[in-house]
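This report concerns only the one structure given below.
Along the sequence shown, the residues carry numbers beginning at 1.
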Amino acid sequence: MATLSAYSSPPWPNPNPNPNLLSPQNEVVEGLDSPPPPPPPPPESQSQSYETLSSIMPQDHCIPDHSDPNPNYHHHARPAADSSTTSPPSSPPISLLHLSFNQDFGCFAAGTDHGFRIYNCDPFREIFRRDFDRGGGGGIGVVEMLFRCNILALVGGGSEPQYPPNKVMIWDDHQSRCIGELSFRSEVRSVKLRRDRIIVVLEQKIFVYNFADLKLLHQIETIANPKGLCAVSHGAGSLVLVCPGLQKGQVRVEHYASKRTKFIMAHDSRIACFALTQDGQLLATASTKGTLVRVFNTADGSLLQEVRRGADRAEIYSVAFSSTAQWLAVSSDKGTVHVFSLKTTPGSLGTDRSRNTTDPNVGVSSPTSSLSFFKGVLPKYFSSEWSVAQFRLVEGSHYIVAFGHQKNTVVILGLDGSFYRCQFDPVNGGEMSQLEFHNFLKPEAAF
């Protein structure tokens, strides 16, 4: 059971604030996301064996969206209170401990052995950073953003963790401090945030909390899950959560709106990676074998499509759907990012929607082996669907991938500090073209 703590009980913020208001300058920036609503004051007595966090966050500050930047507005990191300072350009080299995109892939967060940094993807730009006092630790092993608002979830990591690795710290960057924490009996493997939920993943258990009052809503037992695998939908309509099941190769799908649980035997070997569409209707899974990626309908567990990354074993690092679920991207330790064409979109579940390659607006079909007419006779390898586009990277390095906000683009992040933006041809496929590269750990890349 987790325990909750609150550090202060400030007056409640305005329950209906302007979510686009930037304090203290009262500067309005278009396209911002508002954080979850504030919780009501907790009742005097609680039946749960933990305290309710008395105040989660103010609602008057959000990270600006630089997709259409105001040239007169420059957002730099504010000096942090007491234990946190802005990193000087001459700071020593840092090590990356964690990389993750936010929910709409417009930003990404980096946890380092000094603190954490937040970057905008398009255009590429460091938004702010928090480098903690090395005398008291500094390592951040998990950073989870909540779209673009000022609330983040932090977990300590590295050789000198800033916080205990069994705690989730709720950081308010408007106040430059932690405003609460969730404590557990074992190390936290990952954290997922929605506007209405906090999901904390441990080695063999997952806790689901209501964001408004931090009430524990659900506990899930899983098979050993050292990577902290978990995916949640982010559409406002319903909550779908996917996690490993209790058997090797099994995934568990929780449909909270309909109160249904679905178990899918996705692979023969252990699950290595998976991803959900924003609405939670489609699920892509990969196993530790790393040769095949399968796409399932989360409602009934049916297999909709199977694509082949390669013939040899590989460690899959990330899988990502495009916003329209027309494309699927996969990164692995083989140093190649693959983009696959999907036949089924959430709007056409249950149908095998063939693509017309003569229509440039539809896109190219995933290529298949020239021996595909022997399907059912020769091994499945010869009738496999292969990627339509590829981008070559350094083999053995760890990269994660997502689709960019520009059409037919992917964004690739590396634990070596590399940022790539690439474009693929939706009609002819083939090698992607590199549009942009940055080393986001270099001081000159900041701000």
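- Aromatic ring pairs are classed by plane angle as parallel below 30°, tilted from 30° to 60° and perpendicular above 60°; the pair Tyr119 and Phe108 is parallel.
- Residues Ile170 and Leu214 have side chains in contact (heavy-atom distance under 4.5 Å, counting atoms from C-beta outward).
- The aromatic rings of Phe124 and His438 lie parallel to each other, their planes meeting at an angle below 30°, with 60° marking the opposite boundary.
- Comment: Lys205 does not engage Glu203 in a salt bridge, judged by the lack of any side-chain N to carboxylate O separation of less than 4.0 angstrom.
- Val388 places none of its side-chain heavy atoms less than 4.5 Å from the side chain of Phe340.
- Between Leu99 and Phe440 the shortest side-chain heavy-atom distance falls below 4.5 Å.
- For the 3.5 Å distance criterion, the side chains of Thr336 and Arg392 qualify, holding a donor opposite an acceptor.
- A side chain to side chain contact (heavy atoms under 4.5 Å, CB included) with Val208 is found for exactly one of Arg197, Lys215, Lys192, Arg194, namely Arg197.
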Please determine whether side-chain contact (heavy atoms from CB on, under 4.5 Å) holds for the pair Val242 and Phe274, giving the CA-CA distance in whole Å, both sets of side-chain angles, and the decisive distance to 0.1 Å. CA-CA 8 Å; Val242 176; Phe274 50 68; 4.0 Å; yes
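- A pairwise comparison of heavy atoms in Ala266 and Val251 identifies CB-CG2, 4.5 Å as the closest pair.
- Looking at heavy atoms from C-beta onward, Ser387 lies out of side-chain contact with Val307 at the 4.5 angstrom threshold.
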Under the side-chain contact (heavy atoms from CB on, under 4.5 Å) rule, what do Tyr399 and Leu415 come out as? Steps first, then yes or no, please. CA-CA 6 Å; Tyr399 297 96; Leu415 278 177; over 6 Å; no
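- Between Val411 and Gln406, every side-chain heavy-atom pair lies at or beyond the 4.5 Å cut-off.
- Annotation: cation-pi geometry not satisfied between Arg195 and Phe211 (NZ/CZ under 6.0 angstrom from ring centroid, within 45° of ring axis).
- Contact check on Asp300 versus Lys262 returns no salt bridge, with no Lys/Arg side-chain nitrogen under 4.0 Å from an Asp/Glu carboxylate oxygen.
- The shortest non-hydrogen separation linking Cys178 to Tyr163 is SG-OH, 3.4 Å.
- Using cut-offs of 30° and 60° for the angle between ring planes, the Phe207 and Tyr209 rings count as parallel.
- Side-chain contact annotation: Arg148 with Asn120, donor-acceptor N/O pair under 3.5 Å present.
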Worked verdict on Phe437 versus Phe419 for ring-ring contact (aromatic ring centres under 6.0 Å, His included): CA-CA 5 Å; Phe437 171 81; Phe419 172 98; 8.6 Å; no
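- Relative ring orientation between Tyr317 and His398 is described as parallel, the plane-to-plane angle staying below 30° on a 0-90° scale split at 30° and 60°.
- Val200 is listed as a side-chain neighbour of Leu182, based on a closest heavy-atom distance under 4.5 Å.
- You'll find the side chain of Phe321 stays beyond 4.5 Å of the side chain of Trp327, heavy atoms only.
- At least one side-chain heavy atom of Arg294 sits under 4.5 Å from a side-chain heavy atom of His267.
- The two residues Ala153 and Val191 make their nearest non-hydrogen contact at CB-CG1, 3.8 Å.
- Between Arg270 and Ala224, the shortest heavy-atom contact is NH1-O, 4.1 Å.
- If you check the side chains of Asn150 and Asp172, you find a donor sitting under 3.5 Å from an acceptor.
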For Thr261 and Glu254, what are the C-alpha separation, side-chain angles and deciding distance, and is it a side-chain hydrogen bond (donor to acceptor under 3.5 Å, both in side chains)? CA-CA 5 Å; Thr261 301; Glu254 291 289 338; 2.9 Å; yes
